[in-house]
Amino acid sequence: MRLSRYFLPVLKEAPSDAQIVSHQLMLRAGMIRQEAAGIYAWLPLGLRVLNKIEQIVREEMDRAGAIELLMPTIQLADLWRESGRYDDYGDEMLRITDRHKRELLFGPTAEEVVTDIFRASIKSYKDLPKNLYNIQWKFRDERRPRFGVMRGREFFMKDAYSFDLDAEGARKSYNRMFVAYLNLFARMGLKAVPMRADTGPIGGDLSHEFIVLAETGESAVFCHKDLVEMPAPGPDLDWINGDLQPLVNQRTALYAATEEMHDEAAFNALPEDDRLSARGIEVGHIFSFGTKYSEPMKATVQGPDGQQVPVQMGSYGVGVSRLLGAIIEASHDEGGIIWPESVAPFDVGIVNMRQGDAACDEVCDKAYAALKAAGKDVLYDDTDARGGAKFATMDLIGLPWQLIVGPKGVAEGVVELKNRKTGERQSASLDAVLEQLV
Ligand SMILES: Nc1ncnc2c1ncn2[C@@H]1O[C@H](COS(=O)(=O)NC(=O)[C@@H](N)CS)[C@@H](O)[C@H]1O
């Protein structure tokens with residue numbers, strides 16, 4: 001993409017109401033624009049990152065055996081009356097009446113809808129287990145939306161829902177999601193710690209939140225420090241028939257709890273050097289809640305003995321739009337964002353230090369063509385801005401690599417490659433740099 005033809009409305013300063021660094025940087029980098037409280041337009045650069053994060057989540061859900069569908073954003077109030085949540089949900093629910101005076105709502109979550117889809121078609125235990133998921137916009141009328149996309153009112157969520165015949169099966173479904181979450185957050189360069197959590201309006205008695213440690217996190221969290229550096233299990237597992245419980249136990253055996261579930265005595269029983277208390281950002285939350293929805297909504301299957309049984313369910317959420325903020329909180333410096341390569345909006349930024357200089361333009365065009373031919377996403381700053389401004393923009397938007405072409409270097413047959421994360425710069429021939437990048 002040539003910057004002269006792109007749409008990247010970067011800002012010199014962040015608006016004063018942006019308090020945390022991720023909110024400030026997303027606005028300044030021209031990634032989002034607030035259209036109303038807690039409601040954002042996703043500008044081109046921000047949408048590219050959102051799509052990359054979404055795709056990583058999708059790949060890890062598919063790997064774990066979940067099946068993607070897409071549920072509506074607008075839901076029938078009557079479904080929520082069946083589950084008994086319509087009144088309980090409170091002011092966070094955006095309630096809507098259509099022209100025929102039908103009561104609808106903008107879904108804050110989708111347990112009721114997915115249970116309705118399930119009960120309409122699946123009647124036998126032989127069709128279990130099932131895990132159905134979607135990646136869909138949600139609306140929660142937060143009293144105080146703040147911190148940009150971190151706590152929005154309209155936000156993008158992956159929500160998966162599992163259906164099993166019995167508690168043992170439900171635990172296996174829960175474990176698949178627990179392990180898939182360890183992998184998907186690691187792929188985004190995040191250290192997300194699973195912590196025992198409260199179940200709140202979703203319900204059930206088993207729940208873990210996945211927390212990214214960050215000073216600006218809204219949650220106070222307490223955990224054994226070994227959990228932070230524990231590597232993710234990786235993709236090569238027997239996801240369908242394997243026993244994932246040992247991988248889950250490896251983590252749940254160590255103390256980790258959010259504020260609501262914290263047991264001060266148990267935490268203080270740990271050796272002082274092992275205790276970590278911090279603030280964190282909840283990027284995922286998984287729940288196992290038995291028949292909380294299948295009972296009232298009569299989502300039953302015929303069991304092996306011919307009896308009708310309500311299915312055992314769980315739900316598994318990832319804050320897809322919140323993750324942009326979480327990743328920036330975990331990966332930035334004074335120059336701006338530092339995107340992990342897996343989610344960067346472009347792989348390489350080409351900086352032409354003298355646009356219009358035939359030699360520089362030629363080298364930049366050659367680099368641009370070669371990188372694109374190799375399947376790389378390239379942002380070529382071909383504007384006539386000054387060099388310093390170009391560097392500041394590239395550092396701000398946080399592309400992992402900057403390929404810098406200047407008249408002096410070109411005369412010597414070299415270009416410069418800068419690693420955004422380390423700041424390391426190397427001069428080499430264009431061919432050598434291209435060799436390294438593709
Ligand atoms: N207001 C919000 N803005 C941005 N992300 C949010 C917001 N509320 C929740 N999230 C994200 O969405 C994830 C899942 O939300 S949740 O309420 O915990 N879980 C559910 O809704 C379940 N139905 C999961 S299927 C959270 O872990 C968080 O990362």
Side-chain angles (χ1 to χ4, degrees), residues 20 22-23 26 32 34 36-40 42 50 53-54 57 61 66 68-69 71 73 75 80 83 85 89-94 106-115 118 131-163 173-174 177-178 180-181 184-185 188 190 192-195 197-204 206-212 214 217-219 221 258 260 280-289 292-293 313-327 329:
I20 64 172
S22 57
H23 188 193
M26 287 185 77
I32 53 171
Q34 181 172 312
I39 298 174
Y40 291 87
W42 287 82
L50 189 71
I53 290 172
E54 173 187 347
V57 173
M61 286 298 105
E68 185 172 12
L69 46 70
M71 291 180 272
T73 54
Q75 304 175 8
W80 286 66
S83 70
R85 283 209 295 182
Y89 212 88
D91 293 342
E92 274 195 7
M93 180 176 280
L94 183 64
F106 193 133
T109 181
E111 279 80 4
E112 285 78 1
V113 174
V114 80
T115 302
F118 174 90
N131 179 326
L132 304 175
Y133 80 94
N134 78 165
I135 308 176
Q136 180 57 289
W137 293 94
K138 303 287 189 293
F139 195 95
R140 294 181 185 178
D141 201 354
E142 302 275 352
R143 178 194 307 276
R144 278 186 60 227
R146 60 185 180 282
F147 302 162
V149 299
M150 204 75 90
R151 180 161 295 281
R153 291 199 293 167
E154 184 182 60
F155 60 98
F156 207 31
M157 183 203 290
K158 183 284 298 178
D159 40 321
Y161 303 87
S162 62
F163 304 85
S173 291
Y174 188 88
M177 291 289 97
F178 188 104
Y181 276 40
L184 73 88
F185 293 124
M188 299 174 194
L190 288 176
V193 179
M195 300 194 175
D198 188 19
T199 56
I202 302 288
L206 172 62
S207 174
H208 284 87
E209 284 182 17
F210 288 74
I211 301 280
V212 171
E218 289 184 315
S219 319
V221 294
T258 58
E260 300 82 8
I281 302 167
E282 177 202 321
V283 291
H285 197 162
I286 63 176
F287 307 78
S288 187
F289 42 65
K292 171 174 169 150
Y293 300 91
M313 290 177 61
S315 73
Y316 316 88
V318 168
V320 176
S321 51
R322 176 177 283 184
L323 273 163
L324 279 93
I327 292 169
E329 291 294 331

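Just so you know, these numbers use all the heavy atoms, side chains as well, and skip hydrogens, waters and symmetry mates. Read the numbers this way: they start at 1 and go in the same order the structure lists the ligands and their atoms.
Looking at ligand 1, you'll find an N or O of Glu142 within less than 3.5 Å of one of its N or O atoms.
Atoms CD and NZ, on Glu54 and Lys158 in that order, are 12.5 Å from each other to the nearest 0.5 Å. Atom CD1 in Ile39 sits 6.0 Å away from atom CD in Glu154 (nearest 0.5 Å). One finds the NE2 atom of His208 at 9.5 Å from the NE2 atom of His285 (value rounded to the nearest 0.5 Å).
In this structure, Glu111 is part of the shell of residues with a heavy atom less than 4.0 angstrom from ligand 1. Under a 4.0 angstrom heavy-atom cut-off, Lys138 registers as lying outside contact with ligand 1. The closest approach between any non-hydrogen atom of Val149 and ligand 1 is below 4.0 Å. For the ligand labelled ligand 1, residue Ser321 lies outside the 4.0 Å heavy-atom shell.
Exactly one residue among Phe287, Tyr174, Phe178 makes a side-chain contact (heavy atoms from CB on, under 4.5 Å) with Tyr316. That residue is Tyr174. For the side-chain contact (heavy atoms from CB on, under 4.5 Å) with Val318, the qualifying choice from Ile135, Leu323, Ile286 is Leu323, the only one to do so.
Closest protein heavy atom to atom 19 (N) of ligand 1: Phe287 CE1, 3.6 Å. The nearest heavy-atom contact from the protein to atom 28 (C) of ligand 1 is Arg322 NH1, 3.5 Å. When only non-hydrogen protein atoms are considered, atom 14 (C) of ligand 1 lies nearest to Met157 CE, 3.7 Å. From the protein, the heavy atom lying nearest to atom 11 (C) of ligand 1 is Gly319 CA, 3.6 Å. For atom 3 (N) of ligand 1, the nearest protein heavy atom (residue, atom name, distance) is Gly152 N, 3.1 Å. Annotation: atom 23 (N) of ligand 1 to nearest protein heavy atom, Thr109 OG1, 2.5 Å. Of all protein heavy atoms, the one lying nearest to atom 4 (C) of ligand 1 is Met150 O, 3.4 Å.
In this model, no donor atom of one side chain and acceptor atom of the other lie less than 3.5 Å apart for Glu209 and Thr258. Side-chain atoms of Ser315 and Glu111 include a donor-acceptor pair closer than 3.5 Å.
Between Glu92 and Lys138 there is no salt bridge, since no side-chain N of the basic residue sits under 4.0 Å from a carboxylate O of the acidic one.
In this structure, Gln75 contributes its side chain and Thr109 its backbone to a donor-acceptor pair below 3.5 Å. Checking side-chain atoms of Tyr181 against main-chain N and O of Gly317 turns up a donor-acceptor pair under 3.5 Å. Listed for the Arg322 side chain is a donor-acceptor partner under 3.5 Å among the backbone atoms of Met150.
Heavy atoms of His285 found under 4.0 angstrom from ligand 1 belong to the backbone as well as the side chain. Both the backbone and the side chain of Asp159 come within contact range of ligand 1, each with a heavy atom under 4.0 Å. The part of Arg140 lying near ligand 1 is the side chain, judged by heavy-atom distances below 4.0 Å. Under 4.0 angstrom from ligand 1, there are no non-hydrogen atoms of Arg153. Counting heavy atoms under 4.0 Å from ligand 1, residue Glu282 touches it through both backbone and side chain. When heavy-atom distances to ligand 1 are checked against a 4.0 Å cut-off, Ile286 has no atom that comes that close, whether in backbone or side chain. Under 4.0 angstrom from ligand 1, there are no non-hydrogen atoms of Glu209. Proximity of Phe210 to ligand 1, defined as any heavy-atom pair under 4.0 Å, is not found for any part of the residue.
Counting heavy atoms only, Phe155 comes closest to atom 5 (N) of ligand 1 of the residues Phe147, Phe155, Phe289.
Side-chain contact between Trp42 and Leu324 is present, with at least one heavy-atom pair separated by less than 4.5 Å.
Across all non-hydrogen atoms, the minimal contact from Phe289 to Gly314 is CZ-C, 3.7 Å. The minimum heavy-atom distance between Gly325 and Ser22, with the atom names listed, is O-CB, 3.4 Å.
The atoms of ligand 1 that sit less than 4.0 Å from any heavy atom of Gly317 are 14 (C), 24 (C), 25 (S). Near Val283, the atoms of ligand 1 lying under 4.0 angstrom from a non-hydrogen atom of the residue are 27 (O), 29 (O). Within ligand 1, the atoms closer than 4.0 Å to a non-hydrogen atom of Arg151 are 3 (N), numbered from 1 in the order shown.
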